[in-house]
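Structure first, commentary second.
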Amino acid sequence: MTITESTATDVASRDQLRLVIAGSVDDGKSTLVGRLLHDTKSILADQFEATLHASQGRGATEIDLALLTDGLRAEREQGITIDVAYRYFATPRRSFVLADTPGHVQYTRNTVTGASTADAAVVLVDVRGGVSAQTRRHAAVLSLLRVPHVVFAINKMDAVDWSEERFAQVADDVRDVAARVGLSAPEILPISALTGENVAAPGPDWYAGLPLLTVLEELPTRIADVDEPFRLPVQLVIRPRTAEHPDYRGLAGRVASGTISVGDSVTAYPSGTSSVVVGIDGATGELEQARVGDSITLRLADELDIARGEVLTTSNPIRTTQQLDAVLTWLDERPPAPRQRVLVKVGTKTTRAMLGAVQGVWHVDDLCWQDSSAPLQLNDIGRVSVQLAEPVAVDDYADQRATGAFVVIDPDTGATLAAGLTGADLGALTTA
Amino acid sequence: MTTVIPTATDVSLRELEAEAIEIIREVVAEFDRPALLFSGGKDSAVLLHLARKAVWPAPLPITLLHVDTGHNLPEVLDFRDQVVAEGGHRLVVAEVEKWLADGRLTERPDGTRNPLQTVPLLDTIADQRFDALLGGARRDEDRARAKERIFSVRDAFGSWDPRKQRPELWRIYNGRHAPGEHTRVFPISNWTELDVWRYIAAENVALPSIYYAHERPVFQRDGMWLTPGPWGGPRGSETLQTRSVRYRTVGDGSCTGAVESSAGTIAEVIEEISVSTLTERGATRADDRLSEAAMEDRKREGYF
């Protein structure tokens, strides 16, 4: 944390980027995470000493940065990472929330989870092995989940003496994979997480680009996306009925996309009722305008019967439907039964639902859809039509991540069974 | 070196605030009997501040719950009671001493009561039929907490199984649980200690006085400055001396130490933390120094 070295302007404008790093222990992922924490001075002395101590306890002479992040007893005993862990580091320009996802058996489940909230992803590729089946899987999942920025970091450059030629070969292969999964013009850069070269520190002379950390600091965030259509899933209707606020009535939620201003006309879906915004109460007081990411309460001119689960929009209407043609990633050990009854939570709306037959499965290794009607297994990505008991307001996921995503829930155990993306046509993945 | 007090325009801080409010609103909307763990510590003070904002201008529909080890500093209990009275909140206190008195719990040989909080917590959740518990735990505090979900479903024993956590996708939180289970919810998961202090500065959140530097008779044990109290005083070669100290966390007096400090204002505290070389738990919590997996083991047993 270098807050004391920053100027007032720096800190006030410092924003947040949510990052996911995809790769396996073999690609040096834990080492990169440790490196980013270390080089941004986000590791404090007691953590450093504990990690050094743990490294020495395992026979190492130098600090093993992987041990900084592999946290649980079960993991340390087995030398694996079993779940998504969240880490924090900051530079004067930006604070980072890092979802650290393991690249093992549960790779799809964990990568989907980490990628779902990410503004940007770093895919690690070991320069010695080049593009692997896992690189293709990660690229495909990140493309499917519409992570706005995907950066490929060719790691372990120190092990090939920073060979420019070898980097160029691997970069060519990466560009092929990226094109096949619909990631256009990805950033590809050489790094050594082990030595830190081209992570925070500068890279070799032959490399003209910026170090990884600088690239991550300069990526645009979604706060810039103010031209998107306005979407506000209603979380709560706030009606205090107190002596102080006898008539207050507000619709509370977090702006999923776009902006809203006092005086704007809004329409709620699925109900279709309309009114005009007369006040916006934000976290810091009354606002003239709110934008994507803000938690707000809207006051309307008319007392409409709008409940939790509806989505407020402005000029650009949202689709209302009782059937979701979707891509599901199955997350549970047990495959779904035919016509399995489930719950679907889309935005703030939870409704009963029934899963239809599988209409194709995405083959992550060959990067194509295969005809299949077999039930989805854990980590399978498939096309499924979901019948809903009530209408819901949704966008196509490809257009709006926040209002196009849903989860499938087991009504008995409450377990999260699947991640759903609405819209049968998910761009490049369908045409690869 | 110039220290900057971040203002309300700090974008990353407002993002964290908006996220926390969204999470708290999900709890208010989806649960019947939510409670908020309120110890009087800085994280719970920030959490309560956020919860009030989340439902403003409505009164808070959430009960406050304090598991009192009986080893609290009086300043912290006074602060707790003042906040409850001023806000008109409902407070339930689970006193560990009641469990000790009737034999449901036994005092540990080392005198620390932190591990003893779990049973009173779980008993109170069952008695009060709380279905959701909001807590101020943060992922940056510990390696085990780094793997915690924002919505974390627990069984009747409160146990946390890191292998059976639900995947948490987008911002769609799933707190659905079977009868007898409850959901723990951590709205400030993504905040760091410095974020909490920057927010306290930006919002002027009131805290117990012990968070700021003050003169106090203390004695040194295991590299920490401890206050004498019902949990014991100096023993052997340990000697009482008056120092200028402040606390970085609020916890059981037997294992929560103060740090030497001259930081008497929020600005000075932020400056001190910014250049600190120790984490708040590493610096002042003996309970987390027990082993590499101390927090993981306690979480598995139902601790926060």
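Since the structure is predicted, the reported quantities are computational estimates derived from the model, not experimental observations. As a basis for the values below, the full set of heavy atoms in this structure was taken, side chains included, without hydrogen atoms, waters or symmetry mates. The sequence lines fix the lettering, A, B, ..., with proteins before strands; numbering per chain opens at 1.
Shown here for B/I172 and A/A405, the closest heavy-atom pair between the two residues is CD1-O, 3.7 Å. Residues A/S295 and B/I21 approach most closely at CB-CG2, 3.7 Å, considering heavy atoms.
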Report task. Start with the C-alpha gap between B/W56 and A/Y248, add the side-chain angles, then the distance that decides, and say whether side-chain hydrogen bond (donor to acceptor under 3.5 Å, both in side chains) holds. Result -> CA-CA 10 Å; B/W56 185 92; A/Y248 186 97; over 6 Å; no
Query raised in the report: Between A/T416 and B/N174, is a side-chain hydrogen bond (donor to acceptor under 3.5 Å, both in side chains) present by the stated rule, with each step listed?
Result: CA-CA 7 Å; A/T416 300; B/N174 172 13; 2.8 Å; yes
Query - side-chain hydrogen bond (donor to acceptor under 3.5 Å, both in side chains) assessment of B/R25 paired with A/T297 - result: CA-CA 11 Å; B/R25 285 173 171 170; A/T297 306; 3.0 Å; yes
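With hydrogens and angles ignored, the 3.5 Å screen pairs a side-chain donor or acceptor of A/K345 with a backbone N or O of B/Y173. Distance alone, capped at 3.5 Å, is enough to place a donor-acceptor pair between the B/R166 side chain and the A/G414 backbone. A donor-acceptor pair under 3.5 Å is formed between the side chain of B/R176 and the backbone N or O of A/P411. Side-chain N or O atoms of B/K53 include one that pairs as donor or acceptor with a backbone N or O of A/A283 at under 3.5 Å. Under a 3.5 Å cut-off, the side chain of A/S116 and the backbone N or O of B/W170 do form a donor-acceptor pair. When atom types are taken as modelled, the side chain of B/D140 and the backbone of A/Y88 share no donor-acceptor pair closer than 3.5 angstrom.
A salt bridge links B/E19 to A/R18: one of the charged nitrogens lies within less than 4.0 Å of a carboxylate oxygen.
Within the 4.5 angstrom heavy-atom criterion, no atom of B/A20 approaches chain A. With a 4.5 angstrom heavy-atom cutoff, A/L17 does not touch chain B via any of its atoms. Only the side chain of A/D281 comes within less than 4.5 Å of a heavy atom of chain B; its backbone N, CA, C and O stay farther away. Contact annotation for B/E30: only side-chain heavy atoms (C-beta onward) come within less than 4.5 Å of a heavy atom of chain A. Interface residue A/V407: backbone and side-chain heavy atoms are both found under 4.5 Å from chain B.
Here A/R254 contributes atom CZ and B/I23 contributes atom CD1; the two are 8.0 Å apart, rounded to the nearest 0.5 Å. To the nearest 0.5 Å, the span separating OG1 on A/T117 from CG on B/L169 amounts to 8.5 Å. A distance of 11.0 Å separates NZ in B/K147 from OH in A/Y86, rounded to the nearest 0.5 Å.
Between A/Q235 and B/E22, the side chains place no donor N or O within less than 3.5 Å of an acceptor N or O (distance only, hydrogens not considered).
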